[in-house]
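Here's the structure, in structure tokens; my notes come after.
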Amino acid sequence: MHQTNSFLFKSLNNEQLQAVKHVYGPLLVVAGAGSGKTKALTHRIANLIQNNSIDPYNILAVTFTNKAAKEMKARLEVLLAQELAFNQFGQPWSTLKEIDQNQLRTNVSQDRLHDLWIGTFHALFSRLLRYDIEKYIDPEGLKWTRQFSIYDETDSQTLVKEIVTQDMNLDLKRFDPKKIKRAISNAKNQCLTSNELEKKADNHFDRVIADAYKKYRISLSKNNALDFDDLLLLPVFLLRQNDLVRDYWHKRFKHILIDEYQDTNRTQYELIKLITTGNSDPKKFINWEGRSIFVVGDADQSIYSFRAADFRILIGFQEDFQNPLNNNEKSSLIKLEENYRSSSNILNAANSLIENNAERIDKVLRSTKEEGELLKLLSCDDEISEAEAITNKLKSLNNSNQQPKWKNFAILYRTRAQSRVLEESLVRWRIPYTIFGGLRFYDRREVKDAIAYLKVLINSDDNVSLLRIINVPRRGIGKTTIQKLNDLSNKLNIPLWEVLNDKQSIEETIGRSSKGINKFTELMNDLLCYVENTGPAQLLQLILEKSGYLSDLLASGTEESEDRRNNLQELINAATQFEEETENGNIEGFLSTAALTTDNDKENNNPNSVTLMTLHNSKGLEFQNVFITGLEQGLFPSYRSIDTPSLLEEERRLCYVGITRAKERVFLTHARERRLWGGMREATIPSIFISEIPDDLIDGELPQTSGASLRRDWHLDRLTRVDRNNSNESTNKPVNAVRKLYSGPSKGKNWLIGDKLIHTKFGKGEIIHIFGSGEKISLAVKFGDKGSKILDPRLAPIRAINKNS
DNA sequence: ATGTAGGTGGTTTTT
DNA sequence: CCACCTACAT
């Protein structure tokens, strides 16, 4: 080993070192929060390339977000550039001028890392499909070309709705397209075809879904389009059926690395198996010569089961990928249990919390830091005083600083809806903040319009996009006209785009209205001349000018239209940047990027601001100070999860993720009352999670805005220790234990689980849970078609009904 | 063909 | 509370 490589191994602990030095065969790295897993991943890739002469061309690295991919690539560049620095300049990296450092990084990026594939599952496999999709032979005879469109959630839902209402003639009330889309998505993520789903269906609703799935697929194919799930599912089918294609990718990707393995789903797992093992059964697969699979994850941070992620895939890794050369099972598992992020108080709180979960891998997180401060509980009157209490805290913690360090704070919440009140308070106190998530840049109307033009230009079968822009800007093409042309297209079985281009038929079918259509086809045909030799940026410019989109915006002269123009300029900038980054920047590639990029992937343009985001979005990040807000039963944990032990455990993992983001301070906040959607106030019960953190790690504190609030009064009679004692026995028990304990006397009526009652607004219901005890209880009541509600028996307009009546 | 008023229904989390 | 959709008027 060269001496110059030593920095690669420096500053690593024993386990990290083992992981980094792993070269061939399967390895599972169980990496707790803040244990340096990104470091292990990047250093290992560098070690493969630098010290084991492995060609980056043979490496596939999968990350959970585009941002993580970017960061990992950047870190890799630096690691490899450090070696180069030594060879070229004969001096260590840190002594080089910045300009030389950048030059070296560029060299590394272009020469060494050019062929390395690193990105999300979706980004990587859409790329694979752009090469090979035309080799796929569908059993139902469906076809796609490499110019396929990628439909986002809205586009796909449009399609599903069309199918449900027009093709299947179903009642929208009973068969909500959203729910059907969700069910189809679920099936696709479990690697099920519509036929397989049909076989499994044992009731009418499931059969409807299977049927919708089948029709939806046909419809996607007619549009030459794929949804997000297809980007993973289609490669599975392609690799299964085509030996040549599978062989190619199997031989190419000899070293596969996957981050956040606990959040992979069945389809992604299939993909990985196919590429890693070729066509052999992974359990019998023995030829690890020159190959490896290296996965990193933490089952305690699995928070995407709603997206069909399954952390049991992580748990099964060693079983799935065996290495007969190593009889010792332990040789394919490394645990990173040293936490370098959080103070020990924070870590202990997180550990205590997560111990309440039954389904876990045995793992502990050891602290390397000082005790630090206690966690602070802020009990507030309502959501407004919660926001005020948080801003007060922000201000007071920054008081001593000349320059406020807003970037050291994150405010996390369970649902996006919670952000508004928080924002209002931050605005009031002029505290700079950045909200992550929300409306994607690429989801803005004007941006989607421009993108739709691009999509139609390279994929004229894409009717969802075609119909989006056919009358944008206004060309006098209305609903009835479109209806007629669509009918004609269906009758003749000719793509809509071709119908539009048949001047004679158009004239005959719609008469006077054909003027607008002709205007549209002339524009598009003109633009088509540029497609071959023009990059996405310039083509966008042409689209916006020639269509009159820009001049329309200019003419209206409102503030809003000004915004829109700016966004379109930003889109063109993004296209330019894409061209620069990809050298052969083709339009298909740009469209993939547009479909798969979220705003979270962008650099924050206000670097010194408070971060607001969902707990889900916070995974993988770290902050000095973290607020975890809305800790109330029914909000966090969500009312949809409270009844189901496995879902409740996932909420608990989410809380665990939140707490472990913090380095120095954690604030837990809850409101005693919360307005649900503006209107009525509802009394709340503090989240069970608060009570699962040991008393001596929490410091209760009065929120500064409300003088009268009590100090953790509810806390005195909490009853959750029993819950904890039972938690190791089975997943079902803890909740049952809680149920019994929580039933208690209340004013007027002694409510019990199973009691039936009548609510003036929601009608008849049954109590499925009772939270709290003594005076302060809340009832979880299930109302037939109205779903479940959390009610305060002292306030809600309810009365008991006789069991016999 | 287009604009707007009024009703309706919906909130987890996301690539 | 708000975004979306439908129905009606222009």
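Residue numbers start from 1 in every chain, and the chains themselves are labelled A, B, ... in the order their sequence lines are given, proteins ahead of strands.
- When heavy atoms are screened at a 4.0 angstrom cut-off, A:K619 is found touching no nucleic acid atom at all.
- Looking at A:R661, its side chain does come within 3.5 Å of a backbone N or O of A:L621 through a donor-acceptor pair.
- A salt bridge between A:E270 and A:R266 is absent, with no side-chain N of the basic residue lying under 4.0 Å from a carboxylate O of the acidic one.
- Between A:S638 and B:dT13 there is no side-chain polar atom (N or O) within less than 4.0 angstrom of OP1 or OP2.
- Straight-line distance from the CG atom of A:D176 to the C1' atom of B:dG9: 10 Å, rounded to whole Å.
- For A:I482 and B:dA1, the CD1 to C1' distance is 11 Å, given to the nearest whole Å.
- Look at CG on A:L124: it is 15 Å from P on B:dT15, rounded to the nearest Å.
- With C1' as the reference atom, B:dT13 and C:dC4 are 22 Å apart, rounded to whole Å.
- Atom CG of A:L500 sits about 4.5 Å away from atom CG of A:L496, to the nearest 0.5 Å.
- Atom C1' of nucleotide B:dT15 and atom OH of A:Y442 are separated by 15 Å, given to the nearest angstrom.
- Taking the six-membered ring for Trp and the full ring otherwise, the centers of A:Y413 and A:F627 sit at least 6.0 Å from each other.
- With A:N66 contributing its side chain and A:L596 its backbone, the two residues share a donor-acceptor pair below 3.5 Å.
- Between A:S641 and A:F64, the residue whose closest nucleotide on DNA chain B is further toward the 5' end is A:S641.
- Note on ring orientation: taking the six-membered ring where Trp is involved, the planes of A:F689 and A:F636 are perpendicular (angle over 60°, cut-offs 30° and 60°).
- Distance CG (A:L647) to C1' (B:dT13): 12 Å, rounded to an integer number of Å.
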Could you pull out the protein-nucleic contacts involving nucleotides 3-8 of chain C (nitrogen or oxygen on both sides, under 3.5 Å)?
none

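- Here A:K448 pairs with A:D155 in a salt bridge; the nearest charged N to carboxylate O distance falls below 4.0 Å.
- Residue-level contact check: A:T481 touches the backbone only, with heavy atoms under 4.0 Å from sugar-phosphate atoms and none from bases.
- Each of A:A123 and A:R640 lies near DNA chain B, and the nucleotide nearest A:R640 is the one positioned closer to the 5' end.
- Of the candidates B:dT14, B:dT11, B:dT15, B:dT14 carries the atom nearest the A:Y304 side chain, counting heavy atoms from C-beta on.
- Across all strands shown, A:F121 has no heavy atoms under 4.0 Å from either base or sugar-phosphate atoms.
- Across all non-hydrogen atoms, the minimal contact from A:G634 to A:I642 is N-CD1, 3.4 Å.
- In this structure, the CG atom of A:N265 is 17 Å from the P atom of B:dT14, given to the nearest Å.
- The aromatic ring of A:F306 sits over the base of B:dT13, with ring centres less than 5.5 Å apart and planes tilted by under 30°.
- Contact check, A:R420 against C:dC2: a side-chain N or O comes under 4.0 Å of OP1 or OP2.
- Atoms CE and CG, on A:M72 and A:D259 in that order, are 5.0 Å from each other to the nearest 0.5 Å.
- Straight-line distance from the CG atom of A:D227 to the P atom of B:dT14: 18 Å, rounded to whole Å.
- Of the residues in residues 470-478 of chain A, A:N471, A:R474, A:G476, A:I477, A:G478 come within less than 4.0 Å of DNA chain B through at least one heavy atom, sorted by number.
- Using a 4.0 Å heavy-atom distance criterion, A:D229 is classed as making no nucleic acid contact.
- Distances shorter than 4.0 Å separate some side-chain N or O of A:N617 from OP1 or OP2 on B:dT14.
- Heavy atoms of other residues, nucleotides or ligands lying less than 6.0 angstrom from CZ of A:R428 number more than 12.
- A:E153 comes within contact range of at least one nucleobase, with a heavy-atom separation under 4.0 Å.
- A:S556 places a side-chain N or O within donor-acceptor distance of the main-chain N or O of A:L553, the cut-off being under 3.5 Å.
- Residue A:R182 is classed as a base contact, given a heavy-atom separation below 4.0 Å to a base.
- Remark: C1' of B:dT11 and CG of A:L635 are 10 Å apart, rounded to the nearest angstrom.
- Proximity note for A:R416 (side chain, C-beta onward) versus B:dT13, B:dA1, B:dT11: the nearest is B:dT13.
- For the OP1/OP2 pair of B:dG9 and a distance below 4.0 Å, the side-chain nitrogens and oxygens of A:K178 include no atom meeting the criterion.
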